Amino acid sequence: DAGVTQSPTHLIKTRGQQVTLRCSPKSGHDTVSWYQQALGQGPQFIFQYYEEEERQRGNFPDRFSGHQFPNYSSELNVNALLLGDSALYLCASSFGAQNQPQHFGDGTRLSIL
Amino acid sequence: GQQVMQIPQYQHVQEGEDFTTYCNSSTTLSNIQWYKQRPGGHPVFLIQLVKSGEVKKQKRLTFQFGEAKKNSSLHITATQTTDVGTYFCAGRGAGGTSYGKLTFGQGTILTVHP
């Protein structure tokens with residue numbers, strides 16, 4: 001039973017570039033949430049996708065966008081990268097949109113030079 | 001917006017000592033979840049508390065949810081070196097603009113000295 005898988009594991013970009021991160025949820029899960037975790041901090045909620053729609057959004061600018069596909073996998077896109085976007089990006093999946101435990105992937109470490 | 005504060009930020013204990021981390025939300029929560037993240041790893045779900053005043057136990061771990069559903073605690077009895085990691089609480093907003101959103105605390109980093 002595959003857990004949550006994310007790709008790539010590491011990525012280096014420069015300021016102003018765009019990046020796409022990918023996530024496949026745990027088998028049987030239909031909801032995907034994305035988090036940004038800065039070093040030494042807790043994960044910060046970016047947004048959640050359910051039934052291919054963005055259902056909830058945290059306090060992140062429009063540069064952060066996403067998509068969910070019919071097979072429940074998801075992408076996180078970040079445009080016009082800033083130095084402050086350097087962080088671990090975590091994807092978490094769950095069943096149903098509310099009140100369920102989240103299963104996290106190993107994350108993508110994004111470094112902006 | 002909803003804020004979740006967690007204290008202490010760091011805790012160093014000798015193996016066998018007890019450990020407690022506390023979590024406080026600025027707004028009422030519908031539920032609270034606890035996660036453990038090992039160094040270099042990802043958060044792993046431990047438990048979810050839903051009812052006011054709820055207490056749940058998992059072996060040496062005891063979790064409590066406050067009566068007002070705004071605070072929570074995790075207590076570990078007789079710590080072991082395998083308990084090392086960062087413990088996060090994550091509260092789900094019960095209303096307003098925070099409704100349904102999961103907000104993580106900044107975590108408590110636990111170090112256990114053998």
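In what follows, chains are A, B, ... by sequence order, proteins preceding strands, each numbered from 1. Everything quoted here is computed from the prediction, not taken from an experiment. Note: hydrogens, waters and symmetry copies are ignored here, and every other heavy atom, side chains too, is used.
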Would you mind writing out the side-chain donor-acceptor pairs for residues 47-56 of chain B within the sub-3.5 Å range, not counting sequence neighbours?
unit_1, atom_1, unit_2, atom_2, d
Q48(B), OE1, Q33(B), NE2, 2.7
Q48(B), NE2, N99(A), O, 3.3
S52(B), OG, E67(B), O, 2.5
S52(B), OG, E67(B), OE1, 3.3
E54(B), OE1, V50(B), N, 2.7
E54(B), OE1, K51(B), N, 2.9
K56(B), NZ, Q48(B), O, 3.1

Looking at CG of L110(B) and CD1 of I76(B), how far apart are the two atoms once the value is rounded to the nearest 0.5 Å?
->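 It comes to 5.5 Å.
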
How about Y49(A) and F47(A): are their ring centroids closer than 6.0 Å?
-> yes

Taking G42(A), P43(A), S33(A) one by one, which has the highest count of heavy-atom pairs under 4.5 Å against chain B?
-> P43(A)

Can you tell which of H103(A), Q41(A), R109(A) has the highest number of heavy-atom pairs within less than 4.5 Å of chain B?
-> Q41(A)

Would you check if there is a donor-acceptor pair between the side chains of Q11(B) and Y87(B) at a distance under 3.5 Å?
-> no

Per-residue contact mode, Q44(A) against chain B (heavy atom under 4.5 angstrom) = neither

Check whether R57(A) gets within reach of chain B through its side chain, its backbone, both or neither, counting any heavy atom under 4.5 Å.
-> backbone

Checking Q6(B) against chain A: side chain, backbone, both or neither under 4.5 Å from a heavy atom?
-> neither

Which bit of S30(B) is near chain A, if near means a heavy-atom gap under 4.5 Å: side chain, backbone, both or neither?
-> side chain

Residues D85(A) and R63(A) bridged, charged N to O under 4.0 Å =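 Answer for the salt bridge query: yes.
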
